[in-house]
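Written below as structure tokens is the structure these notes are about.
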Amino acid sequence: MFLVKTVEGMSDLQIPPGTQPGDVLVLARKGAPKLNKPSIRGDHLFTIKVSIPKRISVKERELLEELASLNKGLSTRTKTRPTVQQTGI
């Protein structure tokens, strides 16, 4: 669970397992208010970005290689739909 800024303040955003770079997560009704109807809010969209380190230690490299060997054959990426998180409104 991550604490994120929204138009109406801080909110919790859950990033589900298997989320890939470029996936879009949605916080329902946590976005900007509609024009002339401030009681109705749009959705707040979050695009997942991943920063990849340019340098890693020998131990980090070993751990990444071990993880990759465990996941061999399991790396089938499927296109995911945006996840909508309902808020307690």
Side-chain angles (χ1 to χ4, degrees):
M1 183 104 34
F2 290 88
L3 197 58
V4 294
K5 273 187 188 180
T6 66
V7 176
E8 62 179 29
M10 301 303 280
S11 197
D12 288 325
L13 176 67
Q14 179 145 1
I15 299 178
T19 301
Q20 299 293 315
D23 284 354
V24 176
L25 301 179
V26 179
L27 282 179
R29 296 181 302 280
K30 290 284 189 174
K34 301 248 181 213
L35 288 176
N36 301 322
K37 293 185 181 182
S39 62
I40 299 174
R41 291 189 169 274
D43 295 341
H44 193 124
L45 306 178
F46 293 87
T47 302
I48 302 301
K49 294 183 180 180
V50 177
S51 83
I52 300 171
K54 293 181 180 182
R55 295 183 182 165
I56 59 174
S57 69
V58 172
K59 182 65 177 172
E60 289 170 325
R61 182 176 193 81
E62 289 171 359
L63 290 170
L64 286 170
E65 288 174 356
E66 182 181 342
L67 182 61
S69 71
L70 292 173
N71 289 326
K72 267 197 175 154
L74 300 176
S75 61
T76 56
R77 180 164 186 221
T78 58
K79 189 150 181 118
T80 58
R81 297 179 65 194
T83 302
V84 176
Q85 294 183 14
Q86 298 297 327
T87 57
I89 295 177

Residue pair Leu63 / Glu66, side-chain heavy-atom distance below 4.5 Å: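 Counting from C-beta outward, Leu63 and Glu66 do come under 4.5 Å.
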
Close side-chain approach of Lys34 and Arg41, heavy atoms under 4.5 Å: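 No, side chains not in contact.
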
Residue from Thr6, Val26, Leu25 passing side-chain contact (heavy atoms from CB on, under 4.5 Å) with Leu13: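 Only match with Leu13 under side-chain contact (heavy atoms from CB on, under 4.5 Å): Leu25.
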
Whether Asp43 side chain and Arg29 backbone form a donor-acceptor pair below 3.5 Å: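 Yes.
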
Closest approach of Ala32 to Val7 (non-hydrogen atoms, all atoms of both residues):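 Taking Ala32 first and Val7 second, the nearest heavy atoms are N-CG2, 4.0 Å.
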
Connected via hydrophobic side-chain network under 4.5 Å: Leu64 and Val58: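 No; Val58 is not reachable from Leu64 via cluster members.
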
Single-linkage hydrophobic cluster, 4.5 Å side-chain cutoff, Met1 and Val4 together: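 No.
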
Leu3 atom CG, over 12 foreign heavy atoms within 6.0 Å: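 More than 12 heavy atoms, drawn from other residues, nucleotides or ligands, come within 6.0 Å of this atom.
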
